Visitor: 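The structure that follows is given in the form of structure tokens.
Hydrogens, waters and symmetry mates play no part in the numbers below; they use all other heavy atoms, side chains included. What you see is a predicted model; the values in this text were computed from it and never measured.
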Amino acid sequence: MSQETGEQASAVAQTKSDPIRLTKDHYSAKERWLLLVAVALAVLLDRTLFHVDTESGEAGMLIARYLGGAALALLGAYVALNWKNLRWDGIAWALLGSTAALCAWMILFGGGGWTMFSLIALLASEMLYMQYARSSLSPKRAAHFFLQTVRGYFVQPFRGIPHCFGAMFSGNRIDRKILLRVLAGVALAALLVCAAMPLLMSADSVFSHMLIGTRLDGGTVGHAIGTAILALLIYSFLWCMMELPESTLHIFEEKPVFDPLVCGIGLGALLLVYGLFAGVQFVYLFAHAGLPLQLTYAEYARQGFAEMMCVTALNLALFGLFLECVPRGKVFVGLLMGLLAASALMVASGIVRLNLYLSAYGMTEPRLLAYWGLLLCGMAIGVCAVRLVKERVPAVAVLMVAGLVWYCVLAYANPERIIETYNQTHVTLHQQIVEEETRVEGVIGGR
């Protein structure tokens with residue numbers, strides 16, 4: 001009796017050390033339902049997305065609609081399988097609403113110039129919601145959420161694949177080693193059949209006609225294999241979302257502490273450089289003093305715009321790092337406020353530069369997206385300033401939600417219509433200015 005108890009304790013300990021290696025008694029009906037959902041989603045994707053005629057004129061619109069529908073179905077399956085254990089606070093509702101809104105946008109308006117931007121936002125929003133809603137971590141732990149989100153793309157789709165095979169055969173007493181050998185044989189057989197089938201069909205037209213008539217050609221076999229692989233990945237991902245909500249990466253459990261004197265000296269030197277840069281901005285950009293080197297304001301506005309946005313992003317990242325890892329004194333808080341002020345100046349400079357550039361060359365999709373990014377950076381600086389005063393504010397979570405909601409507003413506002421209206425208005429105003437200047441020159445010449 002004691003020997004059996006020791007074996008059971010050893011099995012439980014082994015299960016806790018490796019969550020993937022579960023015994024057959026651990027497979028629940030919920031996990032078998034998960035297997036059915038994964039197969040259904042994989043078949044749905046194969047019947048829709050992978051059967052689109054890429055040469056047709058509506059291919060882009062159909063692909064966008066099918067991707068939006070697939071993302072919405074995956075989101076619905078995730079909520080249905082985990083709704084009792086999900087978080088339902090304000091951040092979770094905002095992420096869920098943003099994800100559903102982006103899915104609806106892809107279904108209703110996908111296929112245009114903003115489809116790729118919306119798809120990237122949709123992938124980020126859905127992954128962030130799934131990682132946040134199933135976790136009990138505090139929204140302030142930004143590093144953990146970042147690592148968990150990365151794991152969601154590159155680890156979780158593969159981590160639960162062995163568990164999928166266990167769920168399929170959990171009701172039978174099948175040896176694990178024999179099961180793995182059988183699966184390896186099936187994979188080898190599928191590979192050999194797919195390699196030989198096209199050659200045999202080319203060698204004998206009657207054989208080819210028979211296979212095409214019974215729809216057992218190489219394309220059908222390929223779709224079947226692709227559907228099986230897709231079902232494995234979907235099951236693995238949803239299982240990891242259901243069974244492994246917490247990150248296994250114990251990074252930043254204890255925050256590193258930086259020397260405030262060293263960080264203060266480095267930050268002070270950086271602020272001196274920013275002060276010199278601010279002086280140039282006030283003289284030549286805001287005060288409209290004469291530009292050197294025979295530059296026009298449109299050319300001056302174009303130079304260095306991307307670099308300034310990169311510096312602003314690095315400033316915000318540096319602010320977050322110093323805020324979390326440096327003991328806060330009055331002097332260092334003042335330096336952090338100076339860093340935010342310098343970042344605000346760069347955002348204002350970017351807006352002025354972009355306005356000058358738009359007045360000369362008009363609006364395009366990248367420029368509208370740049371404008372959206374500048375406003376988002378300004379919002380981020382405001383949230384960071386509040387976080388500096390009130391420690392309880394989850395700045396990263398607020399910015400994450402604000403960015404997704406702000407993009408949804410932009411997407412539903414019809415960006416293509418905004419660009420067209422702006423350019424038409426700009427051309428009309430330019431023509432009126434030219435006509436007025438011509439009229440004034442004529443009146444002066446007549447005198």
Visitor: Which heavy atom of W105 sits nearest a heavy atom of A411, and at what distance?
Guide: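 Reported closest heavy-atom pair: NE1-O, 3.1 Å.
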Visitor: To the nearest 0.5 angstrom, please state how far the OH atom of Y132 sits from the CG atom of L96.
Guide: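 Nearest 0.5 Å value for the OH-CG distance: 12.5 Å.
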Visitor: If we only count heavy atoms from C-beta on, is the F319 to L388 side-chain gap below 4.5 Å?
Guide: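 Of all side-chain heavy-atom pairs linking L388 with F319, at least one is under 4.5 Å.
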Visitor: Mind checking the OH-OH spacing from Y422 to Y371? Nearest 0.5 Å is all I need.
Guide: 7.5 Å
Visitor: Suppose the criterion is side-chain hydrogen bond (donor to acceptor under 3.5 Å, both in side chains): which pairs have a residue in residues 108-119, not counting sequence neighbours?
Guide: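 Applying side-chain hydrogen bond (donor to acceptor under 3.5 Å, both in side chains) to every pair that reaches into residues 108-119, excluding sequence neighbours, yields S118-Y407.
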Visitor: Test of understanding: with ring pair (Phe, Tyr, Trp, His ring centres under 6.0 Å), list the residues that count as partners of Y274, not counting sequence neighbours.
Guide: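 Applying ring pair (Phe, Tyr, Trp, His ring centres under 6.0 Å) to Y274 gives none.
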Visitor: First locate atom CE of M363, then atom CG of L358, and finally report the distance between them rounded to the nearest 0.5 Å.
Guide: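 One finds 4.5 Å between CE of M363 and CG of L358.
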Visitor: Indicate yes or no: at least one non-hydrogen side-chain atom of F237 is less than 4.5 angstrom from one of M130.
Guide: yes
Visitor: When rounded to the nearest 0.5 angstrom, what distance separates OH in Y78 from CG in L238?
Guide: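 Answer rounded to 0.5 Å: 9.5 Å.
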Visitor: If every non-hydrogen atom of L122 is compared with every non-hydrogen atom of A71, which pair is closest and at what distance?
Guide: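 Looking at all heavy atoms of both residues, the closest pair is CD2-CB, 3.8 Å.
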Visitor: Please report the closest heavy-atom contact between L102 and S125, naming both atoms and the distance.
Guide: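 Taking L102 first and S125 second, the nearest heavy atoms are CD1-CB, 4.0 Å.
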Visitor: Suppose the criterion is side-chain hydrogen bond (donor to acceptor under 3.5 Å, both in side chains): which pairs have a residue in residues 330-342, not counting sequence neighbours?
Guide: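 Listed by first then second residue: nothing to list.
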Visitor: Is there any side-chain hydrogen bond (donor to acceptor under 3.5 Å, both in side chains) pair reaching into residues 394-406, and which pairs are they, with sequence neighbours excluded?
Guide: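 For residues 394-406: none.
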Visitor: In a table with atom names and distances, give each donor-acceptor pair under 3.5 Å that connects a side chain of residues 259-270 to protein atoms at least two apart or in another chain.
Guide:
| residue | atom | partner | partner atom | Å |
| --- | --- | --- | --- | --- |
| D259 | OD1 | L261 | N | 2.9 |

Visitor: Any donor and acceptor pair, going by atom type alone, linking the side chain of R367 with main-chain N or O of L354 inside 3.5 Å?
Guide: no
Visitor: Using 0.5 Å steps for rounding, measure from the OG1 atom of T364 to the CG atom of N423.
Guide: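 Taking OG1 in T364 and CG in N423, the distance rounds to 8.5 Å.
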Visitor: Compile the donor-acceptor pairs under 3.5 Å between side chains in residues 338-347 and protein atoms, sequence neighbours left out, one pair per line.
Guide:
| residue | atom | partner | partner atom | Å |
| --- | --- | --- | --- | --- |
| S343 | OG | N315 | ND2 | 3.3 |
| S343 | OG | L339 | O | 2.9 |

Visitor: side-chain contact (heavy atoms from CB on, under 4.5 Å) with L230: which residues, sequence neighbours excluded?
Guide: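 L230: side-chain contact (heavy atoms from CB on, under 4.5 Å) contacts with A42, L45, F50, I234.
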Visitor: Once salt bridge (charged side-chain N to carboxylate O under 4.0 Å, His left out) is applied, do any residues pair with E420, and if so which ones, sequence neighbours excluded?
Guide: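 With sequence neighbours excluded, E420 shows a salt bridge (charged side-chain N to carboxylate O under 4.0 Å, His left out) to R417, given in chain and number order.
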Visitor: Any donor-acceptor pair under 3.5 Å linking the side chain of R65 with the backbone of I107?
Guide: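 A pair under 3.5 Å: yes.
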Visitor: Spell out, as yes or no, whether a donor-acceptor pair under 3.5 Å connects the side chain of S98 to the backbone of A94.
Guide: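 Confirmed, S98 side chain pairs with A94 backbone.
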Visitor: Where is the tightest heavy-atom contact between A77 and V37, given as atom of each residue plus distance?
Guide: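 Shortest heavy-atom separation between A77 and V37 comes out as CB-CG1, 3.6 Å.
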Visitor: Rounded to the nearest 0.5 Å, how far apart are CE of M309 and OG1 of T312?
Guide: 4.5 Å
Visitor: Hey, can you pull the donor-acceptor pairs under 3.5 Å for the side chains in residues 375-384, sequence neighbours left out?
Guide:
none

Visitor: Using ring pair (Phe, Tyr, Trp, His ring centres under 6.0 Å) as the criterion, list what pairs up with F322, not counting sequence neighbours.
Guide: F332
Visitor: Can you name the residues that form a ring pair (Phe, Tyr, Trp, His ring centres under 6.0 Å) with W83, not counting sequence neighbours?
Guide: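 Expected list: none.
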Visitor: Ignoring hydrogens, what is the shortest heavy-atom contact between Y412 and A104? Give both atom names and the distance.
Guide: OH-CB, 3.5 Å
Visitor: Hey, does the side chain of N82 reach the backbone of N85 with a donor-acceptor pair shorter than 3.5 angstrom?
Guide: no
Visitor: Kindly give the heavy-atom pair with the smallest separation between V401 and I91, and that separation in Å.
Guide: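 Shortest heavy-atom contact: CG2-CG2, 3.8 Å.
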Visitor: Any heavy-atom pair between the side chains of L86 and Y129 that's under 4.5 Å?
Guide: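 Y129 reaches L86 side chain to side chain.
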Visitor: Could you tell me which residues satisfy side-chain contact (heavy atoms from CB on, under 4.5 Å) with L321, sequence neighbours excluded, listed by chain and number?
Guide: F258, C325
Visitor: Between L95 and E126, is a side-chain contact (heavy atoms from CB on, under 4.5 Å) present by the stated rule, with each step listed?
Guide: CA-CA 8 Å; L95 289 174; E126 187 152 2; over 6 Å; no
